[in-house]
*Asks:* 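Below is the structure I would like to discuss, written out as structure tokens.
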Amino acid sequence: MKKSLCIVIVLCVLGLLPFLGGSVIWQLSGVDRLDIHGAADLTGRDVRASGIGHGWTSYGGDTGGHRYSQARQITPANVAALAPAWRYRTGDLARRPDAMRDAASEGTPILVEGSLVFCTPFNEVIALDPGTGSERWRFDPGIDLQQRPANQFVCRGVAYWQGEDVEGHCSHRILMGTNDARLIALDARSGQRCADFGEKGQVHIDPGMELWWAGEYQVTSPPVVIGDTVILGSAISDNVRVVAPAGTVRAFDVRSGALAWTFDPIARRPSGDGEPVAGHANVWAPMSVDVERELIFLPTSSPSPDFYGGLRLHEQPYANAVVALHARTGEVAWSFQTVHHDLWDYDLPAQPGLYTVWKNGRPHDVVAQVTKTGMVFVLDRDSGKPFLPVTEKPVPRGAVDGEVLSATQPFPVTPPIVPQSVSADEAFGITWFDRNTCRQGIAESRSEGLFTPPSEQGTLLIPFTGGGANWGSAAYDPARNLLVVNMSNMVHRVTLFPADQVEEMRRVFHDQEVAPQQGAPWGAKREVLLSRLGLPCNMPPWGVIAGIDLATGSIIWRRTLGTTEDLAPGPALKLGTPNVGGPAISAGGLVFIGAAMDDYLRAFDVATGEELWKGRLPAGGQATPMIYEWQGRQFVVIYAGGHARLGTRLGDYMVAFALPEGGQGGEYQP
């Protein structure tokens, strides 16, 4: 990607940009196709009494994933003065240089027990002074750095539990899942292991079958806590085999570590009937909790393998679904499936948002789920039925031999945030030669829109399997009914081939992903659709951020996210970039986000989407920022450690921004 964007710069300098079509030049300017208008005028409603945004004690800000803070010191009027306040280094870049080349720094801190607590990609847990960034304690679980984790070394966050009837050591606990499949409990005040939890402070997770290699199964997202129960998901390597590890969700007693219940999203036939059994449908993304309803909300993934489902001869209603479980038993309260019989790796990648939406003068408790397909589903929280309409629509037919397709797929009334189709006439290129290469690549592939089945010909998936939305999830402004989400806009081509050709395909396409899908009659090759110059074949922007009114589903604003500044020399082009990480919103009227492939933390006006400020980061900011107040001063903090597979600058920094002391100004009054 970096080399290809360098070519873009060179060609622009040579004066070749005018050869682009007029619509392409218009896209490069960063202007949106959508009319920009103000957000819903709901700001007169006082949400301070709602309990949302008091502190940041859970991943996502609160158990419902609002990513919203009531801090109001930093506003559109003074954000230009925002500057670095402190910087902390974990030391990973010097201590683990080889492992860092297979790591992604995606952690977001929580603020508990007077400390910022976060985890590194290697599952070290660190507590910092919120005002100075100085280290208070540190715990290293000593994970195996040779395990080759399928999803990189990743730790997105930790969970917090406070006992009501205990005092002293481990009366307040930090809980974390690890890359080597452990659940660890630490004293929140000292970082020492809780010896009464499991075996010397940890529980080893049994994946239920022998792994092909140690890194096939890991935990990357934080657990959730409700009452005295901690619930954990898992991350499992895709496309390895049909009979794969199960995506079992496990609940443990937070004091003892004893297993409380399990939930397997895959419906399994009685043994001995000869029917192949799929695995996965795991919950690798963050979960949410409704404490009052005693419900846990799971975003489940697809059954194994991703691109062939002909051996799944019975329905899997809990795969690719928002599933609400009763917290005490793990029994299903309701579920809603966003993709039927998934063949596209369109699993649910993001935390279900538990929000209260105002419509017709009344509050409605909903679950808002952003997806890889670029769509947003908004469901009633009690029943799981659509709060905003969803229609089953016919989708393309014609699959490979042995495949069984769903005739329809669900489409919400909310318009997609990114394109869901691409035609040869829409091919992108800097020169005629470059654009013609893309036009030919699109024309030679199956490209009939969203949910076109994978094929031997090669099928285009837009959005690509990275989204649309991803694990960074969304943020919600309760004063405006406004959901803010960032998405990528790229194209994958998936090509199926007979299973006995896997080794030959690997030799020929050694620089691309070739998956065996062992046990299926078809292997799969997945590639980002690029021109011969290495440029994406679809029109920019390749990264966007948008605001959606959840009362109506309308897109209020949409803006390009990211530039070429750290990808190539020369002037920064506002093309947008693929992005990893999510947004956070403050009551001061701002959206903060890193995520893009240039090294910046940005602030956008939450009402209009206008970019108002950007702060330079020492490395890639592929993490979600958090917002907090400490001793009367508002801070915005982000993990700047980069993302190895995305190719951003690697580092090991936690960076906090604030207004100059004594110059904060008054509170924001919308």
Side-chain angles (χ1 to χ4, degrees), residues 1-6 84 86-109 116 118-126 128 133 135 138 140-141 143-157 178-179 215 218 220-221 235 466 470-472 486 488 511 528 534 542-543 561-569 572 577-582 593-602 614-626 637-657:
M1 177 66 75
K2 290 186 177 181
K3 291 181 179 178
S4 64
L5 288 174
C6 182
W86 55 257
R87 177 185 292 187
Y88 169 83
R89 298 198 69 173
T90 68
D92 282 333
L93 204 57
R95 296 166 55 211
R96 301 182 172 101
D98 293 337
M100 282 293 291
R101 288 192 282 269
D102 195 18
S105 300
E106 299 179 352
T108 300
L116 289 175
F118 70 100
C119 55
T120 75
F122 311 106
N123 295 118
E124 284 196 84
V125 184
I126 300 172
L128 304 179
E135 184 179 304
R138 184 170 186 153
D140 186 353
I143 66 170
D144 179 9
L145 298 183
Q146 306 302 316
Q147 69 187 76
R148 296 188 300 113
N151 300 283
Q152 302 184 94
F153 290 106
V154 171
C155 182
R156 298 189 180 99
T178 68
N179 288 285
Q218 59 190 128
T220 55
S221 290
N470 211 287
W471 62 263
N486 54 298
S488 299
D511 57 343
V528 177
W542 297 312
L561 178 62
T563 71
T564 62
E565 179 172 341
D566 291 301
L567 302 175
T577 73
N579 45 88
V580 177
I593 188 169
M597 292 177 68
D598 52 4
D599 301 337
Y600 284 101
L601 175 68
R602 289 179 164 85
K614 60 182 180 180
R616 190 68 171 159
L617 298 175
Q622 280 69 57
T624 301
M626 61 101 55
V637 65
I638 188 170
Y639 200 162
H643 191 288
R645 293 185 189 174
L646 197 60
T648 56
R649 190 192 315 273
L650 298 180
D652 53 12
Y653 304 85
M654 186 66 70
V655 183
F657 293 85

*Asks:* I need the minimum non-hydrogen distance between A596 and R602, along with the two atoms involved.
*Replies:*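 Shortest heavy-atom separation between A596 and R602 comes out as CB-NH1, 4.3 Å.
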
*Asks:* With a 4.5 Å heavy-atom cut-off, do Y653 and L93 have their side chains touching?
*Replies:*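 SC-SC contact between Y653 and L93 ruled out.
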
*Asks:* Sequence neighbours excluded, which residues qualify as salt bridge (charged side-chain N to carboxylate O under 4.0 Å, His left out) partners of R89?
*Replies:*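 Residues passing salt bridge (charged side-chain N to carboxylate O under 4.0 Å, His left out) with R89: D652.
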
*Asks:* Please identify each residue that fulfils salt bridge (charged side-chain N to carboxylate O under 4.0 Å, His left out) with D511, with sequence neighbours left out.
*Replies:*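 Here no residue qualifies.
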
*Asks:* Not counting sequence neighbours, which residues clear salt bridge (charged side-chain N to carboxylate O under 4.0 Å, His left out) with R156? List them please.
*Replies:*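 Result, salt bridge (charged side-chain N to carboxylate O under 4.0 Å, His left out) vs R156: E106.
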
*Asks:* So, for D92 and P121, which heavy atoms are closest and what is the spacing to 0.1 Å?
*Replies:*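 Looks like OD2-CD, 4.2 Å.
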
*Asks:* In the structure I gave you, are the side-chain heavy atoms of E124 and I143 within less than 4.5 Å of one another anywhere?
*Replies:*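 A side-chain contact under 4.5 Å is absent here.
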
*Asks:* Quiz question: by atom type and distance under 3.5 Å, do the side chains of Q622 and T648 form a donor-acceptor pair?
*Replies:*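 Yes - a donor-acceptor pair under 3.5 Å links their side chains.
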
*Asks:* Please find the pair of heavy atoms, one from P625 and one from G594, that lie closest to each other, and give the distance.
*Replies:*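 The pair with the smallest heavy-atom distance is CD-N, 4.5 Å.
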
*Asks:* Does the side chain of N179 come under 3.5 Å of the side chain of Q147 through a donor N or O and an acceptor N or O?
*Replies:*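 No, Q147 and N179 have no side-chain donor paired with an acceptor closer than 3.5 Å.
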
*Asks:* To the nearest 0.5 Å, how far apart are CG in L601 and CD1 in I593?
*Replies:*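 Separation between the atoms: 9.0 Å.
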
*Asks:* Nearest 0.5 Å, please: how far is OG1 in T120 from CZ in R95?
*Replies:*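 Between R95 CZ and T120 OG1, I get 8.0 Å after rounding to 0.5 Å.
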
*Asks:* Whether the side chain of N470 engages the backbone of G472 through a donor-acceptor N/O pair (distance < 3.5 Å, no angle test) should be reported.
*Replies:*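 Between the backbone of G472 and the side chain of N470 there is no qualifying donor-acceptor contact (under 3.5 Å).
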
*Asks:* For R87, check salt bridge (charged side-chain N to carboxylate O under 4.0 Å, His left out) against everything at least two apart and list the hits.
*Replies:*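 In terms of salt bridge (charged side-chain N to carboxylate O under 4.0 Å, His left out), with neighbours along the sequence ignored, R87 is linked to no residue.
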
*Asks:* Return the set of residues passing side-chain contact (heavy atoms from CB on, under 4.5 Å) with S488 (not counting sequence neighbours), or none when no residue passes.
*Replies:*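 side-chain contact (heavy atoms from CB on, under 4.5 Å) list for S488, sorted by chain: F464, P578, N579.
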
*Asks:* Measuring from atom OH of Y88 to atom CD1 of I126, what distance do you get when rounded to the nearest 0.5 angstrom?
*Replies:*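 So the gap between those two atoms works out to 3.5 Å.
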
*Asks:* What's the shortest heavy-atom distance between C119 and G157, and which atoms?
*Replies:*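 Closest pair (atom of C119, atom of G157, distance): SG-N, 3.5 Å.
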
*Asks:* Please enumerate all residues that pass side-chain contact (heavy atoms from CB on, under 4.5 Å) together with A99, with sequence neighbours excluded.
*Replies:*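 Checked A99 against side-chain contact (heavy atoms from CB on, under 4.5 Å); matches are R96, F122, L145, F153.
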
*Asks:* With a 3.5 Å distance limit and no angle check, can you tell me whether R138 reaches the backbone of T90 through a side-chain donor-acceptor pair?
*Replies:*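 Yes.
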
*Asks:* For a side-chain contact (heavy atoms from CB on, under 4.5 Å) check, start with the C-alpha distance between M654 and L116, then their side-chain angles and the critical distance, and finish with the verdict.
*Replies:* CA-CA 11 Å; M654 186 66 70; L116 289 175; 5.9 Å; no

*Asks:* Distance check, rounded to the nearest 0.5 Å: L617 atom CG versus F657 atom CZ?
*Replies:*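 Rounded to the nearest 0.5 Å, the CG-CZ separation comes out at 5.0 Å.
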
*Asks:* Ignoring hydrogens and angles, tell me if any N or O in the side chain of T178 forms a donor-acceptor pair with the backbone of N123 under 3.5 Å.
*Replies:*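 Checked: no pair found.
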
*Asks:* For I638 versus A623, what's the shortest heavy-atom pair and its separation?
*Replies:*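 What the structure gives for the nearest pair is CD1-O, 3.7 Å.
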
*Asks:* Could you pull out the closest heavy-atom pair between D599 and D566, with the gap in Å?
*Replies:*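 Where D599 meets D566 most closely, the heavy atoms are N-OD2, 2.7 Å.
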
*Asks:* Is there side-chain contact between F118 and V637, with heavy atoms separated by less than 4.5 Å?
*Replies:*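 They are not in side-chain contact.
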
*Asks:* What do the steps show when you test W471 against T220 for side-chain contact (heavy atoms from CB on, under 4.5 Å), and what is the final call?
*Replies:* CA-CA 10 Å; W471 62 263; T220 55; over 6 Å; no

*Asks:* Could you grab the distance from atom CG of D102 to atom CZ of R645, nearest 0.5 Å is fine?
*Replies:*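 Interatomic distance, D102 CG to R645 CZ, rounded to 0.5 Å: 5.0 Å.
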
*Asks:* Is the side chain of D598 donor-acceptor paired with the backbone N or O of E565 at a distance under 3.5 Å, no angle test?
*Replies:*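 Such a contact is absent between D598 side chain and E565 backbone.
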
*Asks:* Output the distance between atom CD (Q152) and atom CE (M100), rounded to the nearest 0.5 Å.
*Replies:*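 Result: 10.5 Å between the selected atoms.
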
